[in-house]
Protein chains: 2
Amino acid sequence: MSDNQTDKTVEMVSETHASKRPYADALLRLKQVGLRPTRQRMALAKLLFDGGDQHITAEDLHGMARKATVKVSLATVYNTLHQFKESGLLREVVVGPGRSYFDTNTHAHHHFYVEPAGELVDIPVDSVELSRLPSPPDGTVMDRVDVIIRVTQA
Amino acid sequence: MSDNQTDKTVEMVSETHASKRPYADALLRLKQVGLRPTRQRMALAKLLFDGGDQHITAEDLHGMARKATVKVSLATVYNTLHQFKESGLLREVVVGPGRSYFDTNTHAHHHFYVEPAGELVDIPVDSVELSRLPSPPDGTVMDRVDVIIRVTQA
DNA sequence: TTTCTAGTTTAGAATTGTTTTAAACTATTG
DNA sequence: CAATAGTTTAAAACAATTCTAAACTAGAAA
(Lines give C-alpha, C1' and ligand atoms only; values in the text may rest on other atoms or scores of the structure.)
Protein backbone atom coordinates (compact mmCIF):
# COMPACT_ATOMS: atom_id res chain seq x y z
CA MET A 1 0.00 0.00 0.00
CA SER A 2 3.06 2.27 -0.19
CA ASP A 3 1.95 4.33 2.78
CA ASN A 4 5.05 4.00 4.88
CA GLN A 5 4.94 7.12 7.04
CA THR A 6 1.56 6.45 8.60
CA ASP A 7 1.89 2.73 9.20
CA LYS A 8 4.00 3.14 12.29
CA THR A 9 1.42 5.35 13.98
CA VAL A 10 -1.32 2.96 13.01
CA GLU A 11 0.33 0.03 14.69
CA MET A 12 1.06 2.03 17.78
CA VAL A 13 -2.50 3.19 18.23
CA SER A 14 -4.10 -0.16 17.59
CA GLU A 15 -1.74 -1.99 19.91
CA THR A 16 -2.05 0.48 22.74
CA HIS A 17 -5.84 0.53 22.83
CA ALA A 18 -7.81 -1.52 20.39
CA SER A 19 -6.60 -5.02 20.95
CA LYS A 20 -7.19 -5.23 24.69
CA ARG A 21 -9.99 -2.86 25.77
CA PRO A 22 -11.89 -2.46 22.53
CA TYR A 23 -14.33 0.22 23.66
CA ALA A 24 -12.15 2.26 25.98
CA ASP A 25 -10.77 4.46 23.24
CA ALA A 26 -14.12 5.08 21.56
CA LEU A 27 -15.75 5.90 24.89
CA LEU A 28 -12.95 8.29 25.79
CA ARG A 29 -13.28 10.14 22.51
CA LEU A 30 -17.04 10.56 22.82
CA LYS A 31 -16.70 11.74 26.42
CA GLN A 32 -14.07 14.27 25.40
CA VAL A 33 -16.33 15.98 22.87
CA GLY A 34 -19.51 15.67 24.93
CA LEU A 35 -21.44 13.27 22.73
CA ARG A 36 -23.62 10.74 24.48
CA PRO A 37 -22.07 7.30 24.06
CA THR A 38 -24.90 5.46 22.38
CA ARG A 39 -24.56 1.97 20.99
CA GLN A 40 -24.43 3.29 17.41
CA ARG A 41 -21.88 6.01 18.07
CA MET A 42 -19.67 3.65 20.03
CA ALA A 43 -19.73 1.09 17.25
CA LEU A 44 -19.00 3.67 14.56
CA ALA A 45 -16.24 5.26 16.60
CA LYS A 46 -14.67 1.86 17.05
CA LEU A 47 -14.82 1.13 13.33
CA LEU A 48 -13.40 4.54 12.52
CA PHE A 49 -10.66 4.94 15.06
CA ASP A 50 -9.48 1.41 15.72
CA GLY A 51 -8.43 0.84 12.15
CA GLY A 52 -5.66 3.38 11.86
CA ASP A 53 -5.81 6.28 9.44
CA GLN A 54 -8.70 5.88 7.08
CA HIS A 55 -10.45 7.80 4.35
CA ILE A 56 -13.99 6.60 4.09
CA THR A 57 -17.33 7.69 2.72
CA ALA A 58 -20.63 7.45 4.54
CA GLU A 59 -21.60 4.48 2.40
CA ASP A 60 -18.30 2.77 3.17
CA LEU A 61 -18.82 3.13 6.89
CA HIS A 62 -22.39 1.93 6.65
CA GLY A 63 -21.11 -1.11 4.78
CA MET A 64 -18.45 -1.78 7.39
CA ALA A 65 -21.06 -1.57 10.11
CA ARG A 66 -23.31 -4.05 8.35
CA LYS A 67 -20.38 -6.39 7.89
CA ALA A 68 -19.65 -6.11 11.60
CA THR A 69 -23.34 -6.86 12.26
CA VAL A 70 -23.89 -3.47 13.84
CA LYS A 71 -27.45 -2.31 13.27
CA VAL A 72 -27.29 1.32 12.26
CA SER A 73 -29.15 3.31 9.63
CA LEU A 74 -27.49 5.28 6.87
CA ALA A 75 -29.03 8.48 8.25
CA THR A 76 -27.32 7.86 11.57
CA VAL A 77 -24.03 7.26 9.81
CA TYR A 78 -24.37 10.66 8.15
CA ASN A 79 -25.41 12.34 11.39
CA THR A 80 -22.57 10.76 13.28
CA LEU A 81 -19.93 11.60 10.68
CA HIS A 82 -21.01 15.23 10.77
CA GLN A 83 -21.08 15.36 14.54
CA PHE A 84 -17.61 13.83 14.65
CA LYS A 85 -16.46 16.34 12.09
CA GLU A 86 -17.97 19.27 14.02
CA SER A 87 -16.28 17.99 17.16
CA GLY A 88 -12.93 17.78 15.47
CA LEU A 89 -12.74 13.98 15.62
CA LEU A 90 -12.77 13.80 11.82
CA ARG A 91 -11.88 15.95 8.85
CA GLU A 92 -13.79 16.08 5.61
CA VAL A 93 -11.84 15.97 2.36
CA VAL A 94 -13.67 16.83 -0.82
CA VAL A 95 -12.11 15.54 -4.00
CA GLY A 96 -14.82 15.44 -6.62
CA PRO A 97 -18.39 16.51 -7.11
CA GLY A 98 -20.45 14.18 -5.01
CA ARG A 99 -17.36 12.53 -3.60
CA SER A 100 -16.49 13.37 -0.05
CA TYR A 101 -14.26 11.42 2.30
CA PHE A 102 -13.99 11.56 6.05
CA ASP A 103 -10.44 11.37 7.27
CA THR A 104 -9.60 9.98 10.69
CA ASN A 105 -6.30 11.81 10.63
CA THR A 106 -7.08 15.26 11.99
CA HIS A 107 -3.53 16.49 12.17
CA ALA A 108 -2.39 19.00 9.57
CA HIS A 109 -1.50 17.04 6.47
CA HIS A 110 -2.18 16.92 2.76
CA HIS A 111 -3.33 14.41 0.17
CA PHE A 112 -2.59 12.67 -3.03
CA TYR A 113 -5.76 11.98 -4.93
CA VAL A 114 -5.27 9.01 -7.22
CA GLU A 115 -7.42 8.96 -10.32
CA PRO A 116 -9.27 7.17 -11.71
CA ALA A 117 -9.21 4.91 -8.65
CA GLY A 118 -10.62 7.73 -6.51
CA GLU A 119 -8.24 6.86 -3.68
CA LEU A 120 -6.75 9.25 -1.14
CA VAL A 121 -3.23 8.89 0.22
CA ASP A 122 -1.93 10.96 3.12
CA ILE A 123 1.00 13.31 2.72
CA PRO A 124 2.74 14.23 5.98
CA VAL A 125 2.60 17.96 6.53
CA ASP A 126 6.37 18.38 6.58
CA SER A 127 6.97 16.81 3.19
CA VAL A 128 5.32 19.83 1.60
CA GLU A 129 6.95 23.17 2.08
CA LEU A 130 4.50 26.00 1.67
CA SER A 131 6.05 29.42 1.92
CA ARG A 132 4.70 32.84 0.93
CA LEU A 133 0.96 32.43 1.20
CA PRO A 134 -1.10 35.41 0.06
CA SER A 135 -3.09 37.29 2.67
CA PRO A 136 -6.78 36.39 2.76
CA PRO A 137 -9.38 38.64 1.09
CA ASP A 138 -10.57 41.60 3.18
CA GLY A 139 -12.99 40.67 5.89
CA THR A 140 -11.91 37.05 6.03
CA VAL A 141 -9.56 35.02 8.17
CA MET A 142 -7.61 32.01 7.08
CA ASP A 143 -9.02 28.73 8.29
CA ARG A 144 -6.75 26.14 6.76
CA VAL A 145 -4.78 25.28 3.65
CA ASP A 146 -5.58 22.15 1.70
CA VAL A 147 -3.04 20.85 -0.76
CA ILE A 148 -4.32 18.13 -3.05
CA ILE A 149 -1.85 16.62 -5.46
CA ARG A 150 -3.80 14.97 -8.23
CA VAL A 151 -2.03 12.00 -9.71
CA THR A 152 -3.08 9.51 -12.35
CA GLN A 153 -2.36 5.81 -12.69
CA ALA A 154 -0.64 4.97 -15.97
CA MET B 1 -13.13 42.69 -6.37
CA SER B 2 -9.61 42.63 -4.94
CA ASP B 3 -8.45 40.50 -7.83
CA ASN B 4 -5.88 42.84 -9.31
CA GLN B 5 -3.58 40.55 -11.23
CA THR B 6 -6.23 38.99 -13.39
CA ASP B 7 -8.24 42.12 -14.17
CA LYS B 8 -5.75 43.39 -16.67
CA THR B 9 -5.92 40.19 -18.71
CA VAL B 10 -9.67 40.30 -18.56
CA GLU B 11 -9.89 43.77 -20.02
CA MET B 12 -7.40 42.94 -22.70
CA VAL B 13 -9.26 39.85 -23.83
CA SER B 14 -12.68 41.41 -23.82
CA GLU B 15 -11.55 44.52 -25.66
CA THR B 16 -9.56 42.68 -28.26
CA HIS B 17 -12.30 40.29 -29.26
CA ALA B 18 -15.62 40.46 -27.54
CA SER B 19 -16.79 44.00 -28.18
CA LYS B 20 -16.35 44.07 -31.93
CA ARG B 21 -16.63 40.52 -33.34
CA PRO B 22 -18.64 38.85 -30.62
CA TYR B 23 -18.47 35.30 -31.97
CA ALA B 24 -14.96 35.22 -33.42
CA ASP B 25 -13.33 34.23 -30.16
CA ALA B 26 -15.89 31.53 -29.31
CA LEU B 27 -15.66 30.09 -32.81
CA LEU B 28 -11.88 30.03 -32.68
CA ARG B 29 -11.88 28.18 -29.40
CA LEU B 30 -14.32 25.52 -30.60
CA LYS B 31 -12.35 25.05 -33.82
CA GLN B 32 -9.13 24.66 -31.88
CA VAL B 33 -10.44 21.76 -29.82
CA GLY B 34 -12.41 20.17 -32.63
CA LEU B 35 -15.91 20.67 -31.28
CA ARG B 36 -18.61 21.39 -33.82
CA PRO B 37 -19.69 25.01 -33.44
CA THR B 38 -23.36 24.54 -32.77
CA ARG B 39 -25.68 27.37 -31.79
CA GLN B 40 -25.72 26.19 -28.16
CA ARG B 41 -21.99 25.70 -27.81
CA MET B 42 -21.28 29.06 -29.41
CA ALA B 43 -23.66 30.82 -27.08
CA LEU B 44 -22.28 29.10 -23.99
CA ALA B 45 -18.69 29.73 -25.05
CA LYS B 46 -19.50 33.39 -25.50
CA LEU B 47 -21.08 33.60 -22.07
CA LEU B 48 -18.16 31.79 -20.50
CA PHE B 49 -15.17 33.36 -22.18
CA ASP B 50 -16.32 36.89 -22.95
CA GLY B 51 -16.88 37.73 -19.33
CA GLY B 52 -13.34 37.47 -18.03
CA ASP B 53 -12.33 34.96 -15.37
CA GLN B 54 -15.37 33.31 -13.90
CA HIS B 55 -16.21 30.53 -11.46
CA ILE B 56 -19.64 29.24 -12.29
CA THR B 57 -21.81 26.22 -11.71
CA ALA B 58 -23.90 24.47 -14.34
CA GLU B 59 -27.03 26.02 -12.90
CA ASP B 60 -25.43 29.46 -12.99
CA LEU B 61 -24.58 29.13 -16.65
CA HIS B 62 -28.01 27.81 -17.47
CA GLY B 63 -29.46 30.83 -15.72
CA MET B 64 -27.18 33.19 -17.62
CA ALA B 65 -28.25 31.59 -20.87
CA ARG B 66 -31.92 31.99 -20.05
CA LYS B 67 -31.33 35.62 -19.15
CA ALA B 68 -29.59 36.11 -22.50
CA THR B 69 -32.59 34.42 -24.16
CA VAL B 70 -30.47 31.56 -25.41
CA LYS B 71 -32.55 28.42 -25.62
CA VAL B 72 -30.47 25.61 -24.17
CA SER B 73 -31.33 22.72 -21.89
CA LEU B 74 -29.64 22.04 -18.60
CA ALA B 75 -28.44 18.67 -19.92
CA THR B 76 -26.64 20.45 -22.72
CA VAL B 77 -25.07 22.86 -20.29
CA TYR B 78 -23.66 19.90 -18.36
CA ASN B 79 -22.51 18.16 -21.55
CA THR B 80 -20.87 21.29 -22.83
CA LEU B 81 -19.12 22.09 -19.56
CA HIS B 82 -17.65 18.61 -19.46
CA GLN B 83 -16.58 18.73 -23.09
CA PHE B 84 -14.95 22.10 -22.51
CA LYS B 85 -13.24 20.69 -19.46
CA GLU B 86 -12.01 17.60 -21.33
CA SER B 87 -10.71 19.86 -24.08
CA GLY B 88 -8.83 22.01 -21.62
CA LEU B 89 -11.00 25.08 -22.16
CA LEU B 90 -12.18 24.95 -18.56
CA ARG B 91 -11.00 23.65 -15.23
CA GLU B 92 -13.20 22.11 -12.59
CA VAL B 93 -12.72 23.18 -9.00
CA VAL B 94 -14.39 21.11 -6.33
CA VAL B 95 -14.84 22.84 -3.01
CA GLY B 96 -17.56 21.02 -1.16
CA PRO B 97 -19.66 17.92 -1.45
CA GLY B 98 -22.09 18.61 -4.26
CA ARG B 99 -20.45 21.92 -5.03
CA SER B 100 -18.37 22.11 -8.14
CA TYR B 101 -17.34 25.20 -10.08
CA PHE B 102 -16.04 25.53 -13.59
CA ASP B 103 -13.20 27.98 -13.86
CA THR B 104 -12.52 29.82 -17.11
CA ASN B 105 -8.97 30.47 -16.00
CA THR B 106 -7.04 27.41 -17.10
CA HIS B 107 -3.60 28.73 -16.21
CA ALA B 108 -1.92 27.32 -13.14
CA HIS B 109 -3.32 29.16 -10.15
CA HIS B 110 -4.90 28.54 -6.78
CA HIS B 111 -8.01 29.52 -4.86
CA PHE B 112 -9.40 31.06 -1.78
CA TYR B 113 -12.68 29.46 -0.85
CA VAL B 114 -14.75 31.88 1.15
CA GLU B 115 -17.20 30.31 3.56
CA PRO B 116 -20.04 30.42 4.23
CA ALA B 117 -20.59 32.48 1.08
CA GLY B 118 -19.31 29.63 -1.05
CA GLU B 119 -17.33 32.01 -3.24
CA LEU B 120 -14.06 31.29 -5.04
CA VAL B 121 -11.33 33.88 -5.47
CA ASP B 122 -8.32 33.31 -7.70
CA ILE B 123 -4.82 33.29 -6.31
CA PRO B 124 -2.09 33.94 -8.90
CA VAL B 125 0.27 31.00 -9.05
CA ASP B 126 3.31 33.03 -8.10
CA SER B 127 1.88 34.34 -4.84
CA VAL B 128 2.12 30.85 -3.42
CA GLU B 129 5.52 29.32 -3.10
CA LEU B 130 5.39 25.57 -3.07
CA SER B 131 8.73 23.90 -2.58
CA ARG B 132 9.62 20.31 -1.70
CA LEU B 133 6.69 18.33 -3.00
CA PRO B 134 6.72 14.62 -2.21
CA SER B 135 7.09 12.18 -5.09
CA PRO B 136 3.84 10.59 -6.24
CA PRO B 137 2.90 7.06 -5.12
CA ASP B 138 4.38 4.23 -7.18
CA GLY B 139 2.73 3.73 -10.51
CA THR B 140 1.31 7.23 -10.67
CA VAL B 141 2.36 10.48 -12.28
CA MET B 142 1.64 13.93 -10.97
CA ASP B 143 -1.13 15.72 -12.78
CA ARG B 144 -1.47 18.99 -10.93
CA VAL B 145 -1.36 20.55 -7.52
CA ASP B 146 -4.42 22.30 -6.14
CA VAL B 147 -4.02 24.64 -3.23
CA ILE B 148 -7.27 25.74 -1.65
CA ILE B 149 -7.03 28.24 1.16
CA ARG B 150 -10.24 28.04 3.12
CA VAL B 151 -11.18 31.35 4.71
CA THR B 152 -14.20 32.41 6.73
CA GLN B 153 -16.05 35.71 6.85
CA ALA B 154 -16.13 37.15 10.34
C1' DT C 1 -29.12 21.90 -53.99
C1' DT C 2 -30.65 17.81 -51.79
C1' DT C 3 -29.46 13.73 -49.22
C1' DC C 4 -27.11 11.30 -45.91
C1' DT C 5 -24.94 10.56 -41.64
C1' DA C 6 -22.64 11.23 -37.51
C1' DG C 7 -22.80 14.24 -34.06
C1' DT C 8 -25.83 17.08 -31.06
C1' DT C 9 -29.72 18.54 -28.37
C1' DT C 10 -33.67 17.74 -25.71
C1' DA C 11 -37.36 16.64 -22.19
C1' DG C 12 -38.02 13.74 -19.01
C1' DA C 13 -36.85 9.83 -16.31
C1' DA C 14 -33.42 7.79 -13.53
C1' DT C 15 -29.65 7.81 -10.42
C1' DT C 16 -26.65 9.25 -6.70
C1' DG C 17 -25.54 11.17 -2.51
C1' DT C 18 -27.40 13.57 1.19
C1' DT C 19 -30.88 15.78 4.30
C1' DT C 20 -35.32 16.09 6.44
C1' DT C 21 -39.30 14.43 8.96
C1' DA C 22 -41.93 12.80 12.55
C1' DA C 23 -42.48 9.02 15.34
C1' DA C 24 -40.30 5.48 18.24
C1' DC C 25 -36.59 4.70 21.29
C1' DT C 26 -32.89 5.26 25.02
C1' DA C 27 -29.40 7.34 28.09
C1' DT C 28 -29.16 10.27 31.81
C1' DT C 29 -31.13 13.17 35.69
C1' DG C 30 -33.86 13.77 39.59
C1' DC D 1 -38.58 4.45 38.45
C1' DA D 2 -40.42 8.44 35.78
C1' DA D 3 -39.47 12.38 33.19
C1' DT D 4 -37.10 14.45 29.51
C1' DA D 5 -33.79 15.68 26.40
C1' DG D 6 -31.16 13.69 23.13
C1' DT D 7 -30.90 9.93 19.59
C1' DT D 8 -32.19 6.74 16.04
C1' DT D 9 -34.96 5.24 12.36
C1' DA D 10 -37.51 4.29 7.92
C1' DA D 11 -39.26 6.69 4.61
C1' DA D 12 -39.93 10.64 2.02
C1' DA D 13 -37.86 14.61 0.09
C1' DC D 14 -34.23 16.87 -2.05
C1' DA D 15 -30.34 18.59 -5.01
C1' DA D 16 -27.08 17.86 -8.35
C1' DT D 17 -25.98 15.25 -12.06
C1' DT D 18 -26.37 11.61 -15.61
C1' DC D 19 -28.89 8.75 -18.72
C1' DT D 20 -32.16 7.68 -22.45
C1' DA D 21 -34.12 7.51 -26.69
C1' DA D 22 -36.16 10.33 -29.93
C1' DA D 23 -35.88 14.64 -32.62
C1' DC D 24 -32.82 17.70 -34.74
C1' DT D 25 -28.71 19.88 -37.29
C1' DA D 26 -24.00 20.74 -39.24
C1' DG D 27 -21.12 19.36 -42.58
C1' DA D 28 -19.81 15.98 -46.19
C1' DA D 29 -21.08 13.68 -50.30
C1' DA D 30 -23.69 13.25 -54.35
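Below, chain A is the first sequence line, B the second, and so on; all start at residue 1. Because the structure is predicted, anything quoted here is derived from the model rather than measured.
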- Item | Spacing of A:Arg36 atom CZ relative to D:dT4 atom P, expressed in whole Å | 14 Å
- Query: Can any side-chain N or O of B:Thr76 pair as donor or acceptor with the backbone N or O of B:Val72 at less than 3.5 Å?
  - Reply: no
- Message: What is the separation between atom CD on B:Glu92 and atom C1' on D:dA16, rounded to the nearest whole Å?
- Response: 12 Å
- Query: Just by distance, do the side chain of A:Thr104 and the backbone of A:Gln54 share a donor-acceptor pair under 3.5 Å?
  - Reply: yes
- Note on the structure: Taken to the nearest whole Å, CD/B:Gln83 to P/D:dT18 is 12 Å
- Task: Please work out if B:Thr38 contacts a base, only the sugar-phosphate, or nothing of the nucleic acid, heavy-atom cut-off 4.0 Å.
- Result: sugar-phosphate
- Just call it for B:Arg41: base, sugar-phosphate, or nothing, with non-hydrogen atoms closer than 4.0 Å on any strand. sugar-phosphate
- Going by an N to O cut-off under 4.0 Å, is there a salt bridge joining B:Asp103 and B:Lys85? no
- Task: Quickly work out the A:Leu74 CG to D:dT9 P distance and round it to whole Å.
- Result: 11 Å
- Below 4.0 Å: OP1/OP2 of C:dT9 and any side-chain N or O of B:Thr76: no
- Item | Residue whose nearest DNA chain D nucleotide is more 5′ - B:Glu59 or A:Thr80 | A:Thr80
- What integer distance in Å separates B:Ile56:CD1 from D:dT17:P? 12 Å
- Task: Specify the separation, in whole Å, of atom CD of A:Gln40 and atom P of D:dT8.
- Result: 5 Å
- Task: Using whole Å, report how far CG of A:Asn79 lies from C1' of D:dA10.
- Result: 13 Å
- Message: Measuring to OP1 and OP2 of D:dT17, would you say a side-chain N or O of B:Tyr78 lies under 4.0 angstrom away?
- Response: yes
- Item | Chi angles and distances behind the side chain to side chain donor-acceptor pair (under 3.5 Å) call for A:Asp122, A:His111 | CA-CA 5 Å; A:Asp122 279 349; A:His111 293 99; 3.2 Å; yes
- Message: Identify the stems formed by DNA chain D, where each pair is Watson-Crick or G-U wobble with both distances under 3.5 angstrom and a stem is at least 3 consecutive pairs.
- Response: C:1-30 with D:1-30
- Item | Touch class at under 4.0 angstrom, heavy-atom based, for A:His62 against every strand present | nothing
- Does NZ or CZ of B:Arg91 fall inside the cone over B:Phe102's six-membered ring, less than 6.0 Å from its centre and within 45° of the axis? no
- Item | Rounded interatomic separation in angstrom, taking NE2 from A:His82 and P from D:dT7 | 16 Å
- Is a side-chain donor or acceptor of B:His62 paired with a backbone partner of B:Ala58 at a separation under 3.5 angstrom? no
- Task: Compare all side-chain heavy atoms of B:Val151 with those of B:Tyr113 and state whether any distance is below 4.5 angstrom.
- Result: no
